[in-house]
Amino acid sequence: MARLPPLAVASGALLLLFVSVSPCRAVAGGGPSSVVLPVSKDDATQQYVTMFRQRTPQVPVKAVLDLAGTMLWVDCDAGYVSSSYAGVRCGAKPCRLLKNAGCAITCLDAVSAGCLNDTCSEFPKNTATSVSTAGNIITDVLSLPTTFRPAPGPLATAPAFLFTCGHTFLTQGLADGATGMVSLSRARFALPTQLADTFGFSRKFALCLPPASAAGVVVFGDAPYTFQPGVDLSKSLIYTPLLVNPVSTAPYGRKDKTTKYFIGETTIQLKGHVWREKSTDYFVGLTGIKVNGHTVPVNATLLAIDKKGVGGTKLSTVSPYTVLERSIHQAVTDAFAKEMAAIPRAPAVEPFKLCYDGRKVGSTRVGPAVPTIELVLQSTAASWVVFGANSMVATKGGALCLGVVDAGTEPQTSVVIGGHMMEDNLLEFDLEASRLGFSSYLPSRQTTCNNFRLG
């Protein structure tokens with residue numbers, strides 16, 4: 001049998017036999033009520049990165065945050081050393097619960113975390129580059145802080161946290177020093193559900209993304225959302241339902257018979273047939289857009305999700321800026337330009353189309369003095385108001401550009417709310433109630449993500 005190079009699948013993975021599951025809670029007595037991840041922004045890639053501790057002896061691991069993905073994956077090729085890792089056997093329950101798992105039946109290299117016989121395998125994906133590969137599913141020690149300020153700690157430890165081993169080439173395109181990606185999706189083995197099952201707290205998390213040179217946080221579980229100076233947002237969030245796209249937004253391939261692949265030094269045996277799974281991304285029901293209070297004319301059918309999973313609105317931490325289907329992009333930029341007619345324009349700066357002379361734009365507590373953009377979610381009572389700090393992007397040449405990007409005429413998703421629009425906004429993803437809670441821009445309340453306090 002010929003040996004193939006490491007399998008790199010652009011924008012998808014091979015699918016295996018579907019298994020329907022329902023997550024269950026394993027309540028742990030005396031555990032923490034919440035755990036946290038610190039967040040910073042990488043200037044070069046515009047990605048949001050975090051640090052946690054893993055393995056025995058424990059070492060710090062830097063990884064990129066992702067609202068998509070199946071589970072945590074880390075590079076196991078480059079010096080993964082631990083005395084506490086264990087492979088997940090092919091017939092074990094976690095392997096059966098995964099919808100697209102395979103089986104690494106023969107490892108031809110020296111035994112290591114990334115090369116184990118009869119081990120469940122999955123397809124970790126770098127969602128920043130849309131490259132996927134195959135890798136062993138293993139467990140190991142994982143520790144997260146239980147406080148955020150004045151310093152992270154003490155640590156809460158999961159002795160057998162399940163994740164996927166990636167290969168070193170999969171880290172290409174990630175922030176400098178990042179060796180994996182942390183999945184915050186609604187998937188069964190992503191961090192929100194796995195941490196809730198491990199520690200027995202609620203299946204929810206709050207995300208507060210920072211701008212550059214500041215600190216943010218992800219809070220898992222049951223914690224008050226308290227910010228200095230004495231601002232508690234726990235009771236003042238606006239809520240809108242989280243929607244489930246009936247079709248995954250990642251295209252998948254087809255396997256009609258048992259096939260063996262060499263993935264590096266590991267033989268992967270795949271079984272399966274065509275099937276389509278629900279998306280684990282976070283979608284919301286955007287029903288309209290307003291600029292300075294005026295309704296923007298958009299094609300309402302684009303805002304809905306059709307039977308093929310096309311359309312709708314999702315949130316992404318990997319997309320640095322908000323991405324709009326072409327007709328929506330044109331309508332929004334036209335409406336914005338009309339409201340900004342008195343301000344001198346500047347040449348376009350890629351990837352943005354609408355830019356202004358930054359010297360002519362005033363400054364306010366909520367960023368540049370520009371028209372508000374209102375995302376109407378389900379109803380006007382649940383509108384996400386976007387101020388200048390989240391809508392405008394300062395470029396090196398001094399131009400201020402409207403931070404929305406043209407997605408073309410046939411994108412999979414019509415509206416992707418990117419990281420810049422979410423910065424210094426508190427977002428609560430409540431998986432148990434299937435709802436998204438969101439605050440206004442925090443500096444409008446005289447605080448920031450950098451001021452979050454826990455412990």
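Counting from 1, the numbers follow the sequence of the chain as shown.
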In terms of side-chain geometry, is the basic nitrogen of [X] or [Y] positioned less than 4.0 Å from the acidic oxygen of its partner?
X	Y	value
E432	K204	no
D118	R89	yes
R188	D197	yes

Mind checking what makes side chain to side chain donor-acceptor pair (under 3.5 Å) contact with Q46, not counting sequence neighbours?
K41
Where do F352 and Y321 land on the ring pair (Phe, Tyr, Trp, His ring centres under 6.0 Å) test, with the steps shown first?
CA-CA 10 Å; F352 311 116; Y321 304 109; 4.9 Å; yes
Distance (rounded to the nearest 0.5 Å) between [X] [atom1] and [Y] [atom2]:
X	Y	atom1	atom2	result
L184	T317	CG	OG1	6.5 Å
L37	Y48	CG	OH	16.0 Å
L377	S383	CG	OG	6.5 Å
F283	I305	CZ	CD1	5.0 Å
F161	L142	CZ	CG	5.5 Å
K125	T129	NZ	OG1	8.5 Å

Would you find a donor on one side and an acceptor on the other, under 3.5 Å apart, between the side chain of [X] and the backbone of [Y]?
X	Y	result
T448	N450	yes
H420	S319	no
T45	Q47	yes
T198	Q194	yes
D424	L442	no
E122	M71	no
S185	G69	yes
T333	Q330	yes
S132	P124	yes
D77	T168	yes

Which pairs pass side-chain hydrogen bond (donor to acceptor under 3.5 Å, both in side chains) with one or both residues in residues 55-69, sequence neighbours excluded?
T56-S84, Q58-S143, D66-T127
Non-hydrogen atoms of [X] and [Y] that approach each other most closely:
X	Y	answer
L402	I373	CD1-CD1, 3.9 Å
A128	N126	N-OD1, 2.9 Å
R203	A196	CA-CB, 3.9 Å
A63	V182	CB-CG2, 3.7 Å
F205	L431	CE2-CD1, 4.2 Å
V219	S34	CG1-CB, 4.4 Å

Establish, from distance only, whether the side-chain atoms of [X] and [Y] form a donor-acceptor pair under 3.5 Å.
X	Y	answer
E428	Y225	yes
T301	N299	yes
D140	Y80	yes
N245	D281	no
T240	Q378	no

Test I328 against I289 for side chain to side chain contact (heavy atoms under 4.5 Å, CB included), laying out the working first.
CA-CA 9 Å; I328 300 175; I289 302 173; 4.0 Å; yes
Are C95 and C103 within a span of less than 2.5 Å, counting SG to SG?
no
Strictly under 2.5 Å separating the two SG atoms? Check that for C90 and C120, please.
no
Chi angles and distances behind the side chain to side chain contact (heavy atoms under 4.5 Å, CB included) call for V39, L65:
CA-CA 8 Å; V39 182; L65 286 179; 3.6 Å; yes
Taking everything shown except D222 itself, do over 12 heavy atoms lie less than 6.0 Å from its CG?
yes
Could I get the full list of salt bridge (charged side-chain N to carboxylate O under 4.0 Å, His left out) partners for E410, not counting sequence neighbours?
none
Hey, are the side chains of P241 and R435 touching, using non-hydrogen atoms and a 4.5 Å cut-off?
no
Taking L427 as the fixed residue, which of L436, I417, L67, V218 is the one that meets the side-chain contact (heavy atoms from CB on, under 4.5 Å) rule?
L436
Verify whether the ring centers belonging to Y282 and F429 lie closer than 6.0 Å.
yes
Please check if the distance between the ring centroids of Y239 and F438 is under 6.0 Å.
no
Let's go through F227 and L426 carefully: what are the C-alpha distance in whole Å and the side-chain angles of both, what is the deciding distance for side chain to side chain contact (heavy atoms under 4.5 Å, CB included) to 0.1 Å, and is it a yes or a no?
CA-CA 11 Å; F227 295 76; L426 181 69; 4.1 Å; yes
